[in-house]
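A quick write-up on the structure given underneath.
Numbering starts at 1 and runs along the sequence shown. In what follows, every heavy atom counts, from backbone to side chain, and hydrogens, waters and symmetry copies are set aside. Atoms within each ligand, like the ligands themselves, are counted from 1 in listed order.
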Amino acid sequence: MSENAILKIAVNVPLSREFDYRPPANGPVPVAGCRVLVPFGRRHQVGMVLAHAAESVLPEGKLRAVTTVLDDAPLLSAADLWLIRFTSDYYHHPIGEVVAAALPALLRQGKSLHPIVATVTISVTGEAVDVEAIARRAPRQAELLEILIDASGAGLDTGHLTEVLPTWRRAAKGLLEKGLITKQDVRAEDFDESLPAGAQHGPTANEDQQQALAVLRRSDNFVAYLLDGVTGSGKTEVYLQRMRDTIDQGKQVLVLVPEIGLTPQLVKRFRDRFGIEPALLHSRLTDIERLAAWQAARSASASLIVGTRSAIFTPLKNAGLIIVDEEHDQSFKQQEGLRYSARDLAIARAKHLDIPVVLGTATPSLEMLQHCHSGAYKHILLSDRAGGARPPAIRLVDTVRSPATDGISEPLAAAIAAHLADNGQVLLFLNRRGYAPTLICADCGHIAGCERCDSRMTVHARSKQLRCHHCGACRSLAEQCSECGQAVKPLGEGTERLEDSLRLRFPDHSVRRIDSDSTQQKGAMDAALRSATEGDADILVGTQMLSKGHHFPKLTLVGIVNADQGLFGSDFRSSERLAQSVVQVAGRAGRESRAGEVLIQTAFPDNEFWSTLIDGGYRQVASEALAEREITRWPPFTRLALLRSAAHKQADAHHFLAVARRHIESQASTSLRILGPVDAPMARKAGRYRAQLLLQSSDRATLHGILRYLRPALEQDPAARKVRWSLDVDPIELF
Ligand code: ADP
Ligand code: ZN
């Protein structure tokens, strides 16, 4: 056989290997980065050519040939393929699945870069129709109409519709006949970043910002910078000015933001400053939109690419700079399937491309701080708020002495009243959606639990349901106890209850709840944020969703309704997380000329955590936590990997991990600690029993050496057939 005539191909299957094929019988040999169609088992699959090789492990007669070459030119460059291979190696995840995660759905399915896609659009008649009247007779039709109206005239592709409304085809039939909607084949358009308005000037950088910029401008090569600036210190302003240099040089900037950080506010800031339209990549796009943004990044017709986690895989033709905003945010870590950290991959990618990466946050993760201490990353500090705003004053409310009623203590109520009287806006933070976290029988004490999980059902008063926040199970809210028939009552408070209690206490003020329940519908989040920003909502009630990155000019008081959950968490990251969450929420207060105030309700005001945080700030909490981690040998001073398994029988879940443990011990290494198998913290979830095995080592090479052996061994082991299992490298949820 001639030299390099074997193609190494990644196929989207859960096996840690590449597959060998011969090139197609006639036609050119596809180069690395091209997609091909290959026979796989009895079917055909889309594959990605990774490399060429001289020899195959398979005998000549067993080798099958590629059926079709799907791309004339490589879809992915050598650097893009490097990232895919690195991800597969580092997270010990099948490379075919990494390729699938890196490609937009349409390309994964084998469509061309400019596919013709069937779309459905609202017609002019449809826009004028009375949807409510239709809803009475044909609710499904009305639902489809609403989705299409929300898309404001843009056609939605059929794949996307199937995702959001699986039964849309039946509804569409009636609507098509009435001429309320139309169906068209549309060719995916090219992306055009030009905007009519030109770029605007920003404020002149203050002294701290100038110093930060001077450091950031020293190099166009790889350096990892931690831009550690208090909330409102003007980090975004620093990014913007540094990004401007890169864009002016004709290079591309990739900005990664947390899941809910991609707000209209931020996009507007980019648009105004650079006078260009950024290519956006986030979870709410249709398949066509996603492909267009992806292709714009790949072809460099977009200079600025802004996206959430998975945007890290976007090919970049001419990358010059990567920015990770709110580096500490947990949404950068994917928690299922390919469990990667987009932040960590951003650093690896920047290093490989030899370009700078800027990690910004007011509450750095201990991992990044430790990299700065060791000298690997460069620490840049912004210690004061920009534009003269003062840091908010933090005060504790002792809920033992001043108990809260429906979530609100008297001191908090008084502060709310005072700020409202002074025309300020108030934000109450409670990281628990629904009405109440528990439904209890007043008579027998029975608590409504989930049938499929070891968890309680949350009361949702608005929808009159009990819902499990772990598996999504849902049943209607009964007024009698299922055990004894007596009256039940909701215990504790969630955002819905807090909203009700605020409306009662402050009837003359508008209250707006912002959580994932209230922002389900497309456009609802934008509308809520707009009303929060413009200040026509006097009191905001929200979850984590409201704690990040937002700038509400009128906001002067932040109330943290219940901070105690985090004080006694079992995870070694509990105090880091609690401090981050408190500091981020507190940072929403008093961002403009008016001073802000923060009230924290706690039953443990004497806990040392509070004095450390209030007197020493996040920096002090972080430095004490780091010292403790060094002694207790937790990350960043050791490396972790977590092997999880789940099965219908508890014994199967444990047996698989016991087998895994034996595999690991067969490779024995003294510097590896193996903990488990043990039950997962929630031992039963969605009807499956879950267990875990934790691997810990102070030496990354040792850990990865074992994993490299372990993964393929487990794939072949019969014990794996009875369980669902996954490997999580650098896990962030342990207990
Ligand atoms: P961060 O990203 O650190 O939270 P931002 O960049 O959003 O901070 O800045 C906070 C506020 O201060 C914004 O309203 C911003 O316009 C303003 N700001 C930032 N830098 C300056 C500056 N040099 N002069 C005046 N205002 C500034
Ligand atoms: Zn459940």
Filtering Pro553, Gly234, Ala362 for the heavy atom nearest atom 8 (O) of ligand 1 leaves Gly234
Polar side-chain atom of Ser726 near backbone of Glu336 as donor-acceptor pair, under 3.5 Å: no
Nearest protein heavy-atom contact for atom 2 (O) of ligand 1: which residue, which atom, what distance? Thr236 OG1, 2.5 Å
Does atom CD of Glu451 have more than 12 heavy-atom neighbours from other groups under 6.0 Å away? no
Name all residues meeting the side-chain hydrogen bond (donor to acceptor under 3.5 Å, both in side chains) criterion together with Arg573; count only those two or more places apart in sequence or in a different chain, and write none if there are none. Glu367
Looking only at distance, does Thr204 have an N or O less than 3.5 Å from an N or O of ligand 1? yes
Quick one: look up the protein heavy atom nearest atom 26 (N) of ligand 1 and list residue, atom name and how far away it is. Gly387 CA, 4.0 Å
Should one rank Arg269, Arg385, His551 by closest heavy-atom distance to atom 15 (C) of ligand 1, which comes out on top? Arg269
Check this for me: does any side-chain nitrogen of one of Arg433 and Glu496 sit under 4.0 Å from a carboxylate oxygen of the other? no
Are there more than 12 heavy atoms of other residues, nucleotides or ligands under 6.0 Å from atom CZ of Arg724? no
Does this structure show an ion pair linking Asp272 with Lys268, if we count only N-O contacts that are shorter than 4.0 Å? yes
Lys378 atom NZ, over 12 foreign heavy atoms within 6.0 Å: no
Which atoms of ligand 1 are found less than 4.0 Å from any heavy atom of Asn206? 23 (N)
Could you tell me the residue and atom name of the protein heavy atom closest to atom 1 (P) of ligand 1, and the distance to it rounded to 0.1 Å? Lys235 N, 3.5 Å
Check this for me, if you would: do Asp220 and Arg242 make a salt bridge, where the nitrogen-to-carboxylate-oxygen distance has to be below 4.0 angstrom? yes
Return the closest protein heavy atom for atom 23 (N) of ligand 1 as residue, atom name and distance. Gln209 OE1, 2.7 Å
Per-atom contact, atom 17 (C) of ligand 1, protein heavy atoms, under 4.0 angstrom: no
Can you establish whether the number of heavy atoms outside Arg456 located under 6.0 Å from its atom CZ is more than 12? no
Taking Asp208 first and then Arg385, would you say they form a salt bridge - that is, a charged N and a carboxylate O separated by under 4.0 Å? no
If you measure every N/O of Gly232 against every N/O of ligand 1, is any gap under 3.5 Å? yes
So, Asp728 and Arg644, do they make that salt bridge, N to O below 4.0 Å? yes
Do the charged groups of Arg217 and Asp245 touch, with an N to O distance under 4.0 Å? yes
What protein heavy atom lies closest to atom 12 (O) of ligand 1? Include the residue and the distance to one decimal. Ala386 CB, 4.0 Å
Taking N or O atoms only and a 3.5 Å limit, does Pro203 qualify as a polar contact for ligand 1? no
Considering the Zn ion (ligand 2), could you give the total of protein N/O/S atoms lying closer than 2.8 Å? 4
